[in-house]
Amino acid sequence: MSILKTYARLWTDNLDRALPLLAELTGARPELRLAFHSVELAAIGDFLVIAGPAEERAKYAHASATVVVEDLDDLAATLEAADATITTPTTSGPTGRFLYARHADGAEIEYVEWIPELVRRLIHQ
């Protein structure tokens, strides 16, 4: 099981207002931008920006980071062996598959296994 990338989560009401400053600070352009349910997401540098109304963002606020992994099934086995609790089971999304897990110490993380095209484009560039 290998971690490919880790994103710190940032929360905003408006993605278009948040991105210019982050682009200046990171020296990067958004690598990924998409709608997911009632929020918008953008990956820029090492940030995952989550935008939308506060009540919609709150549905995802329990996780402190988003971690992209090579193999979600291997990760789930590792988490379970370490007494972590899978709080959202493996689910398909626009970028691949994801799950949420609460570690034994209480930290909650979103883990994502990207589709191969995203791994090629954003990790193995």
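Being a predicted model, the structure only gives us computed values, none of them experimental.
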**Message:** Please find the pair of heavy atoms, one from Ala63 and one from Glu110, that lie closest to each other, and give the distance.
**Reply:** CB-N, 3.9 Å
**Fill in**
side chain to side chain donor-acceptor pair (under 3.5 Å) filter on Thr88, not counting sequence neighbours, yields none
**Request:** Of all the heavy-atom pairs spanning Ile44 and Ala28, show the shortest one and how long it is.
**Result:** CD1-O, 3.5 Å
**Item:** Audit row: Glu108, Ser64, side-chain hydrogen bond (donor to acceptor under 3.5 Å, both in side chains) steps and yes/no
**Value:** CA-CA 6 Å; Glu108 190 155 353; Ser64 58; over 6 Å; no
**Asked** Is there a chain of hydrophobic side chains (I, L, V, M, F, W, Y, each step under 4.5 Å between heavy atoms) that links Tyr111 to Ile50?
**Response** no
**Complete:** With sequence neighbours left out, the residues meeting ring pair (Phe, Tyr, Trp, His ring centres under 6.0 Å) with Phe98 are Phe36
**Request:** Report the residues that fulfil side-chain contact (heavy atoms from CB on, under 4.5 Å) with Ala82, sequence neighbours left out, ordered by chain and then residue number.
**Result:** none
**Item:** Exercise: identify the closest heavy-atom pair between Pro89 and Leu99
**Value:** C-CB, 4.1 Å
**Request:** Only counting residues at least two apart or in another chain, list the ones meeting salt bridge (Lys or Arg N to Asp or Glu O under 4.0 Å) with Arg29.
**Result:** none
**Request:** Search all heavy atoms of Ala101 against all heavy atoms of Leu79 and return the closest pair with its distance.
**Result:** CB-CD1, 3.6 Å
**Asked** Going hydrophobic residue to hydrophobic residue with side-chain gaps under 4.5 angstrom, can you get from Leu4 over to Phe47?
**Response** no
**Request:** Please list, chain by chain and in numerical order, all residues satisfying ring pair (Phe, Tyr, Trp, His ring centres under 6.0 Å) with Tyr100, sequence neighbours excluded.
**Result:** His62
**Asked** Do the side chains of Val119 and Leu75 join up, straight or via other hydrophobic residues, at under 4.5 Å, putting them in one cluster?
**Response** no
**Asked** Residues in side-chain contact (heavy atoms from CB on, under 4.5 Å) with Pro53, at least two apart?
**Response** Glu55, Glu56
**Message:** Taking side-chain contact (heavy atoms from CB on, under 4.5 Å) as the definition, give me every residue that meets it alongside Asp74, ordered by chain and number, with sequence neighbours left out.
**Reply:** Met1, Asp71
**Request:** Provide the closest heavy-atom pair for Leu19 versus Pro30 in the form atom of the first, atom of the second, distance.
**Result:** CD1-CG, 3.9 Å
**Asked** Arg97: what forms a side chain to side chain donor-acceptor pair (under 3.5 Å) with it, not counting sequence neighbours?
**Response** Asp73, Glu113
**Complete:** By salt bridge (Lys or Arg N to Asp or Glu O under 4.0 Å), Glu24 pairs with (sequence neighbours left out) none
**Request:** Taking all heavy atoms of Arg9 and all of Tyr60, pick out the closest pair and write down the distance.
**Result:** NH1-O, 2.7 Å
**Request:** Say whether Arg17 and Thr12, considering side chains only, have a donor N or O and an acceptor N or O under 3.5 Å apart.
**Result:** no
**Message:** Hydrophobic clustering (ILVMFWY, side-chain heavy atoms < 4.5 Å, transitive) - are Val67 and Ile123 grouped together?
**Reply:** no
**Request:** Check whether any side-chain heavy atom of Thr6 lies under 4.5 Å from a side-chain heavy atom of Val68, and answer yes or no.
**Result:** no
**Message:** Quick test of your reading: applying salt bridge (Lys or Arg N to Asp or Glu O under 4.0 Å), list the pairs with at least one residue in residues 31-49, sequence neighbours left out, ordered by first then second residue.
**Reply:** Lys5-Asp46, Asp16-Arg33, Arg33-Glu40
**Item:** Transitive ILVMFWY side-chain link Leu72 to Ile86, under 4.5 Å
**Value:** yes
**Prompt:** Asp105: what forms a salt bridge (Lys or Arg N to Asp or Glu O under 4.0 Å) with it, not counting sequence neighbours?
**Reply:** none
**Request:** Mind checking side-chain contact (heavy atoms from CB on, under 4.5 Å) for Thr95 and listing every partner two or more places apart, or none if nothing turns up?
**Result:** Leu32, Leu34, Val112, Trp114, Leu118
**Request:** Using the side-chain contact (heavy atoms from CB on, under 4.5 Å) rule, take Ile109 and Thr66 through it: C-alpha gap first, then chi angles, then the decisive distance, then the call.
**Result:** CA-CA 6 Å; Ile109 308 291; Thr66 297; over 6 Å; no
